[in-house]
Amino acid sequence: MAPHQTPVPVPDADLLGHRRPLVAVEVPQQVEPELTPLELIEKLRTDYPGWRFWRGLGSSDDRPWNATRKHQIDWRERPEGYAATLSGDPEQLRVQLEEQPGVGETSMEQL
């Protein structure tokens with residue numbers, strides 16, 4: 001356009017009766033709010049009722065969390081990888097619990 005020309009307004013396509021092409025819009029996925037370590041432990045308590053979750057004595061926030069089975073284990077007949085107690089931060093505990101054989105065992109004779 002020359003420096004002294006006035007720009008000519010371009011009519012909107014909708015005003016002329018034409019539809020604009022549809023454009024795919026990405027809808028953002030809902031992101032779960034990040035849970036605090038205590039909220040994660042409460043969720044683990046709900047998800048794994050056959051385990052007790054606790055922390056050792058002390059005042060440091062970086063103390064590991066522990067998970068202990070609520071039922072007795074016959075150590076002579078336990079499956080490979082069967083642990084009575086696990087230790088780590090809440091996310092590590094979730095991973096360890098998923099790998100445990102018998103994690104869903106909650107029958108009354110075992111509690």
Side-chain angles (χ1 to χ4, degrees):
M1 180 176 349
H4 298 290
Q5 280 185 330
T6 337
V8 178
V10 178
D12 192 335
D14 282 341
L15 296 175
L16 297 174
H18 300 289
R19 296 194 175 253
R20 293 185 179 142
L22 294 175
V23 178
V25 178
E26 187 174 325
V27 178
Q29 294 180 356
Q30 286 186 331
V31 178
E32 266 190 44
E34 193 167 317
L35 300 176
T36 66
L38 286 176
E39 291 170 328
L40 287 170
I41 290 297
E42 285 305 316
K43 183 157 176 41
L44 289 175
R45 284 185 174 126
T46 302
D47 294 346
Y48 301 97
W51 293 78
R52 285 188 186 93
F53 296 90
W54 53 278
R55 235 175 169 177
L57 296 176
S59 60
S60 172
D61 283 341
D62 61 351
R63 292 171 291 145
W65 282 92
N66 301 284
T68 304
R69 289 183 189 267
K70 290 182 177 179
H71 60 275
Q72 296 292 324
I73 300 169
D74 184 352
W75 290 102
R76 296 167 295 195
E77 298 177 13
R78 66 181 160 86
E80 184 69 29
Y82 204 87
T85 302
L86 304 171
S87 182
D89 67 38
E91 287 299 326
Q92 291 170 333
L93 283 178
R94 178 174 294 286
V95 170
Q96 293 176 42
L97 286 163
E98 287 298 319
E99 295 172 349
Q100 281 297 298
V103 73
E105 296 173 0
T106 56
S107 65
M108 290 310 291
E109 66 245 10
Q110 294 176 334
L111 297 178

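It should be emphasised that the depicted structure is a prediction, and the values quoted were computed from it without experimental measurement.
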For the side chain of [X] and the backbone of [Y], is there at least one donor-acceptor N/O pair under 3.5 Å apart?
{"X": "E39", "Y": "T36", "value": "yes"}
{"X": "E99", "Y": "Q96", "value": "no"}
{"X": "R69", "Y": "A83", "value": "yes"}
{"X": "K70", "Y": "R52", "value": "no"}

Check your understanding: Looking at CG of L35 and CD1 of I41, how far apart are the two atoms once the value is rounded to the nearest 0.5 Å?
Key ->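 Interatomic distance, L35 CG to I41 CD1, rounded to 0.5 Å: 11.0 Å.
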Check your understanding: About how many Å separate CG of D47 and CZ of R94, when rounded to the nearest 0.5 Å?
Key -> 5.0 Å
Point to revise | Pair T68-W51, side-chain hydrogen bond (donor to acceptor under 3.5 Å, both in side chains): steps then yes or no | key: CA-CA 5 Å; T68 304; W51 293 78; over 6 Å; no
Check your understanding: Is it true that F53 and L38 fall in one hydrophobic cluster, defined by side-chain heavy atoms closer than 4.5 Å?
Key -> yes
Review point. Is the closest side-chain heavy-atom distance between L40 and W65 below 4.5 Å?
Key: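 No, too far: nothing below the 4.5 Å cut-off.
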Check your understanding: Is there a donor in the side chain of N66 and an acceptor in the side chain of S87, or the other way round, less than 3.5 Å apart?
Key -> yes
